[in-house]
Amino acid sequence: MEYYLLIPFLPLAAFLINILFGKAFLKDKAHWVAIPAVAVSWVVSVMTMMEVIGGKTLNQNLYTWILSGDFRVSVGFLIDPLTAIMLIVVTTCSTLIHIYSIGYMHGDKGYYRFFSYLSLFTFCMLMLVMANNFMQLYFGWEGVGLCSYFLIGYYFDKKSAADAGKKAFIVNRFGDFGFGIGIFVIFLTFGTTYYDQVFAQAAGFATKSYSFLGYDVHLMTLIALLLFCGSIGKSAQMPLHVWLPDAMEGPTPVSALIHAATMVTAGVFLVARCNPIFSLSETAMIVVALTGAITSLFAATIGLVQNDLKRIIAYSTVSQLGYMFLACGVGAYTAGVFHLYTHAFFKALLFLCAGSVMHAMGGELNIQKMGNLRKFMPVTYWTMLIASLSIAGVPGLAGFFSKDEILWLAYSGASPVGKLVWGMGTLVAFLTAFYSFRLIFLTFHGSFRGTHEQEHHLHESPKSMIIPLMLLCVGAVAAGWVGIPHLVGGGAHFTEFMRPVLGHAEGHGTHSEEWMVMAISVAVGFTGIGLAYFMYMLRPDLPGKLTQQFSGVHRILFNKYYVDELYSAVIIRPTIWIAKNVLIGITDAKIIEAIVNGVPAAIGGFSQQLRRVQTGLMHHYAVFMAMGVLVIAAIMLLRAL
């Protein structure tokens with residue numbers, strides 16, 4: 001594995017070359033630096049995966065980063081089965097999205113800058129997943145957050161994009177604050193931030209408590225929940241989910257790379273990596289499971305009525321991330337990571353297909369203004385259809401295997417909330433299938449509802465965009481085949497591969513119960529597809545009638561439960577009021593300005609008065625001298641007495 005250092009540092013080199021020399025020398029050729037770098041990184045990741053499959057792992061410190069007293073941190077790398085899977089996900093998606101960006105970003109004036117940011121993001125994400133300690137993980141964590149800000153606000157002259165970038169950055173600060181405190185508590189508890197040393201000691205602190213404000217707080221619960229704060233922010237779970245839908249203001253390749261396949265899964269990766277800590281706290285596990293299930297259902301209901309093509313897929317992302325946390329919360333860490341792995345392919349494909357549609361429609365995103373696009377965009381149609389079938393859980397495709405594994409282990413596991421979250425997850429499976437095919441039918445079927453000019457310019461995307469779609473389509477179909485369960489004749493190879501790191505969650509039900517859970521999940525998926533077909537193909541008048549009849553419910557869902565408005569009223573507007581009236585109006589204007597301007601003004605006033613003494617008249621000076629002599633004489637007489 002000596003070559004493993006090429007994996008993160010090749011994208012870093014590509015970033016440095018493009019950001020330093022791109023504007024002057026590369027311009028529209030920046031992809032010739034970025035794509036080979038990330039492609040070689042992918043090749044090395046595959047080689048590394050082969051070695052891990054062969055039984056090799058690596059935990060090596062490269063050099064000392066921070067040394068202060070007992071606090072020692074190195075830049076180090078841990079390569080085990082979990083890291084290997086994440087390397088494949090990150091480098092595969094990044095490579096294909098880099099290629100796709102050639103056609104999508106063609107002619108953009110910031111072409112070199114865009115590829116610079118993509119390469120920097122890839123480097124930071126790889127440093128995050130390859131870290132062998134919490135400090136390096138935090139470096140990569142904040143690095144991808146910074147790149148997210150750059151890429152969401154890439155069109156910085158567009159106010160909505162600039163606002164979305166700031167929103168993502170600020171909302172994540174709330175979660176990352178808790179995450180940072182969690183790392184401090186880990187160091188204070190274990191005396192180190194290295195994974196192997198922390199996890200080896202964790203069981204010894206299983207019963208330890210910490211006294212806080214007169215309350216005894218279970219130490220492992222405290223650490224787990226603080227770490228989970230970071231996951232809630234980065235993976236857009238309630239109540240910090242609001243940034244991700246707005247992040248669609250960035251270019252579509254950004255949505256695919258950062259907000260579907262890689263960055264937003266960092267929170268799931270964190271929980272899975274820290275499973276020795278989370279598993280010691282039933283309270284933390286319940287919180288993770290319920291947060292995931294509630295977020296999944298919440299986002300799925302919003303996706304039912306949205307009309308913005310990318311926002312529908314964005315809410316789908318929030319929902320599917322909830323599925324992953326649901327799995328981790330019931331102890332099925334392997335199932336959660338398996339869904340992370342399959343989701344990366346079909347969700348990246350959905351976003352890139354959306355970009356292809358936007359490319360043909362001149363930037364139009366409203367699916368109510370589309371229709372019959374399959375006639376003009378057959379490759380985009382079929383790849384997006386397969387991705388939608390996969391996310392809907394149709395048997396044989398990638399999404400079916402990972403989703404079914406989660407539902408079965410939630411139903412049959414030992415978690416006290418297992419049956420509850422299974423029911424919620426099953427309902428989400430129905431809603432997901434419905435809104436996914438609502439999108440397909442409104443976008444690609446029926447008659448075209450856009451303008452004549454839009455219809456005249458409809459065309460399939462260039463090869464640089466189409467080829468990544470077809471390659472991701474293979475993943476959307478076959479990625480799940482590495483985890484076919486024993487029940488249907490598979491070897492559950494993914495589960496066995498992950499066992500050394502994530503353990504294995506055992507279901508406690510019978511085979512007949514497992515068949516029942518599988519049958520229900522498949523049935524609800526097909527029911528959702530069938531209902532969407534009935535409403536949008538056979539009875540296209542029905543959605544309008546239902547909207548009128550249930551206008552109140554529709555308004556709440558369409559406005560995303562008014563969460564943004566609530567945050568605006570409770571947090572944003574009071575903060576702005578305090579800033580204007582207290583910080584600026586009182587602290588700045590009356591205190592700071594009074595000191596800064598008042599002291600010079602007082603000195604100036606005193607100087608003006610003192611200046612009057614200097615009249616230039618001799619008799620005035622003689623009077624002052626005489627008065628001085630009298631004062632001195634009076635003082636001497638008083639002392640003599």
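All values derive from a computational prediction rather than experimental measurement. These values consider heavy atoms only, across backbone and side chains, with no hydrogens, waters or symmetry-generated copies.
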E364 side-chain N/O to N366 backbone N/O, donor-acceptor pair under 3.5 Å: yes

Shortest non-hydrogen contact between P251 and M105, atoms and distance: CB-SD, 4.0 Å

Modelled atom types, side-chain donor and acceptor of T91 and S41, under 3.5 Å: no

Verdict with reasoning, E142 to R173, per salt bridge (Lys or Arg N to Asp or Glu O under 4.0 Å): CA-CA 10 Å; E142 295 303 321; R173 300 284 66 74; 2.6 Å; yes

Parallel, tilted or perpendicular, as decided by the 30° and 60° cut-offs, for the rings of F134 and Y195: perpendicular

Salt bridge (Lys or Arg N to Asp or Glu O under 4.0 Å) between K159 and D163, worked out: CA-CA 6 Å; K159 187 177 186 303; D163 289 344; 2.7 Å; yes

Check: D564/Y567 side-chain N/O donor and acceptor closer than 3.5 Å: no

Sub-6.0 Å ring centroid separation between F325 and F228: yes

Short side-chain to backbone donor-acceptor contact, S296 and G322, under 3.5 Å: no

Heavy-atom neighbours of F174 CZ exceed 12 at 6.0 Å: no

Donor-acceptor under 3.5 Å (Y104 side chain, M465 main chain): no

Spacing of OG1 belonging to T295 relative to CG belonging to L321, to within rounding of 0.5 Å: 9.5 Å

K234 side chain vs G267 backbone, donor-acceptor pair below 3.5 Å: no

Ring-ring centroid check F298 H241, cutoff 6.0 Å: yes

Under 3.5 Å donor-acceptor, N275 side chain and A272 backbone: yes

Considering all heavy atoms, the nearest K403-A392 contact: NZ-O, 3.6 Å

side-chain contact (heavy atoms from CB on, under 4.5 Å) between F278 and V271, worked out: CA-CA 7 Å; F278 280 85; V271 174; 4.0 Å; yes

Reference residue D246; test salt bridge (Lys or Arg N to Asp or Glu O under 4.0 Å); the match among R311, K166, K560: R311

Heavy-atom donor-acceptor pair, S319 side chain to Y315 backbone, under 3.5 Å: no

Y194 versus S74, side-chain donor and acceptor atoms under 3.5 Å: yes

Heavy-atom donor-acceptor pair, T83 side chain to L78 backbone, under 3.5 Å: yes

Working for side-chain contact (heavy atoms from CB on, under 4.5 Å), residues F345 and T92: CA-CA 9 Å; F345 294 100; T92 301; 3.9 Å; yes

Donor-acceptor contact below 3.5 Å, side chain H343 vs main chain H339: no

Ring centers of Y138, F179 separated by less than 6.0 Å: yes

Over 12 foreign heavy atoms within 6.0 Å of OH, Y111: yes

Stepwise side-chain hydrogen bond (donor to acceptor under 3.5 Å, both in side chains) check, S461 with S356: CA-CA 6 Å; S461 297; S356 182; 2.5 Å; yes

Under 3.5 Å side-chain donor-acceptor pair for T221 and T283: no

ring-ring contact (aromatic ring centres under 6.0 Å, His included) partners for Y154, two or more places apart: F114

With Y117 via ring-ring contact (aromatic ring centres under 6.0 Å, His included) - residues at least two apart: F150

Residue F184 excluded, over 12 heavy atoms near CZ under 6.0 Å: no

Considering all heavy atoms, the nearest V254-I152 contact: CG1-N, 4.4 Å

Distance in Å, T380 OG1 paired with I466 CD1, rounded so as to fall on 0.5 Å steps: 4.0 Å

Check: Q136 side chain, G76 main-chain N or O, donor-acceptor pair, under 3.5 Å: yes

NE2 on H554 to OG1 on T547, rounded to 0.5 Å: 4.0 Å

Q237-T291 side chain donor-acceptor pair, cut-off 3.5 Å: no

Whether Y341 and F338 hold their rings parallel, tilted or perpendicular, with breakpoints at 30° and 60°: parallel

